[in-house]
Amino acid sequence: MEKIISIIFHPSISTFLGFLIIFLARCRNLLDFVDIIFFFSILPFLITLVMWKLGKISDLFISRREERGRVIIIVLLGYLLGSLVLYYFNFSPIFFYLSIAYIVNTILILSISLKYKISIHVATITAISTALIMILGIKFIFFYLFSIIVGIARVKIKAHTIDQVLSAFIISIIVTFIQLKIYLGE
């Protein structure tokens with residue numbers, strides 16, 4: 001069951017679901033959604049898949065900390081391109097702010113991952129949960145339950161330790177909250 005939870009809440013899927021909810025609730029420009037989903041969900045998964053098929057990483061979860069850097073840097077380039085498209089075409093400010101938050105969070109995760117194996121699964125679902133709460137309201141607080149479920153699953157399958165999961169949870173809440181508070185001007 002824990003492996004299924006890890007697959008269902010793969011960072012690319014969590015990102016897709018979170019952005020879909022925000023799109024349906026607050027945005028109506030389909031190009032916003034296409035940009036954010038392609039550059040922040042589909043492309044990162046494709047990059048990971050290609051690198052796995054080429055033997056550059058051992059699995060789709062990038063389980064080995066030392067394999068994460070190269071993947072994250074390539075994914076960051078995609079995030080930057082997606083953000084530039086959002087900015088250039090003056091798309092939804094919400095998605096632009098989220099794209100910048102994703103870049104900052106990813107740079108932070110990359111820096112941490114150089115020395116310490118933080119849970120990207122938990123960091124992603126927690127950042128998405130925080131964004132949903134800040135953009136759509138406290139009614140989305142239950143999404144933090146998904147962070148807890150994913151964290152427990154990642155520990156049970158021995159992909160992470162409790163401190164790796166807790167640090168991802170705490171850092172993602174704090175960093176995402178501060179950024180969106182600044183960006184949204186609330």
Side-chain angles (χ1 to χ4, degrees), residues 1-21 36-83 98-132 143-177 179:
M1 183 63 163
E2 288 81 13
K3 281 201 178 236
I4 293 170
I5 291 169
S6 287
I7 292 167
I8 291 171
F9 289 97
H10 185 279
S12 292
I13 296 171
S14 297
T15 299
F16 176 84
L17 293 175
F19 287 166
L20 176 62
I21 292 167
I36 204 88
I37 291 305
F38 177 75
F39 287 105
F40 292 83
S41 181
I42 295 170
L43 186 60
F45 180 77
L46 290 175
I47 289 167
T48 307
L49 182 64
V50 167
M51 291 187 79
W52 176 57
K53 289 288 187 186
L54 292 173
K56 302 292 182 190
I57 56 174
S58 54
D59 59 67
L60 288 175
F61 294 122
I62 319 169
S63 299
R64 294 187 180 145
R65 182 189 55 79
E66 58 276 0
E67 295 176 346
R68 291 178 167 197
R70 186 178 333 164
V71 178
I72 293 172
I73 289 170
I74 295 169
V75 166
L76 263 171
L77 294 173
Y79 289 175
L80 287 168
L81 183 58
S83 297
L98 286 171
S99 74
I100 298 304
Y102 249 72
I103 290 168
V104 170
N105 288 12
T106 303
I107 290 170
L108 181 61
I109 294 295
L110 171 61
S111 346
I112 292 169
S113 290
L114 295 174
K115 298 283 182 190
Y116 179 78
K117 187 181 173 199
I118 193 165
S119 175
I120 296 174
H121 276 76
V122 172
T124 302
I125 190 63
T126 304
I128 287 291
S129 300
T130 304
L132 286 169
F143 264 69
Y144 284 134
L145 291 174
F146 296 127
S147 298
I148 295 166
I149 291 167
V150 171
I152 291 168
R154 301 298 289 159
V155 169
K156 279 191 166 189
I157 63 172
K158 299 187 186 322
H160 292 286
T161 62
I162 292 172
D163 63 309
Q164 292 167 339
V165 165
L166 283 175
S167 59
F169 183 77
I170 293 166
I171 290 168
S172 286
I173 288 175
I174 293 169
V175 173
T176 304
F177 177 82
Q179 287 180 89

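Not measured: the values here are computed from a predicted model.
In this structure, Tyr102 and Thr15 have side chains that are in contact, with non-hydrogen atoms separated by less than 4.5 Å. Side-chain contact between Phe169 and Ile118: absent, with no pair of heavy atoms (C-beta onward) separated by less than 4.5 Å.
Residues satisfying the side chain to side chain contact (heavy atoms under 4.5 Å, CB included) criterion with Ile170, sequence neighbours excluded, are Ile174.
For Arg154 and Phe61, the positive end sits near the middle of the six-membered ring, less than 6.0 Å away and at most 45° from its axis.
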I'd like a table of donor-acceptor pairs (distance under 3.5 Å, sequence neighbours excluded) in which one partner is a side-chain atom from residues 41-57, with atom names and distances.
residue	atom	partner	partner atom	Å
Ser41	OG	Ser12	O	2.6
Thr48	OG1	Pro44	O	2.8
Trp52	NE1	Ser58	O	3.4

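Residues Ser147 and Thr126 share a closest heavy-atom pair of OG-OG1, 2.9 Å.
For residues 2-14, every residue pair satisfying the salt bridge (Lys or Arg N to Asp or Glu O under 4.0 Å) rule, not counting sequence neighbours, is listed here: Glu2-Lys156.
Here the CG atom belonging to Leu98 is positioned 11.5 Å from the CD1 atom belonging to Ile103, to the nearest 0.5 angstrom.
The backbone N or O of Phe143 lies less than 3.5 Å from a partner atom in the side chain of Ser129, making a donor-acceptor pair. A donor-acceptor pair under 3.5 Å is absent between the side-chain atoms of Ser119 and the main chain of Val165, judged by distance alone.
A side-chain donor from one of Tyr116 and Asp163 sits under 3.5 Å from a side-chain acceptor of the other.
Residue Phe177 qualifies as open at atom CZ: its count of foreign heavy atoms under 6.0 Å is 12 or below.
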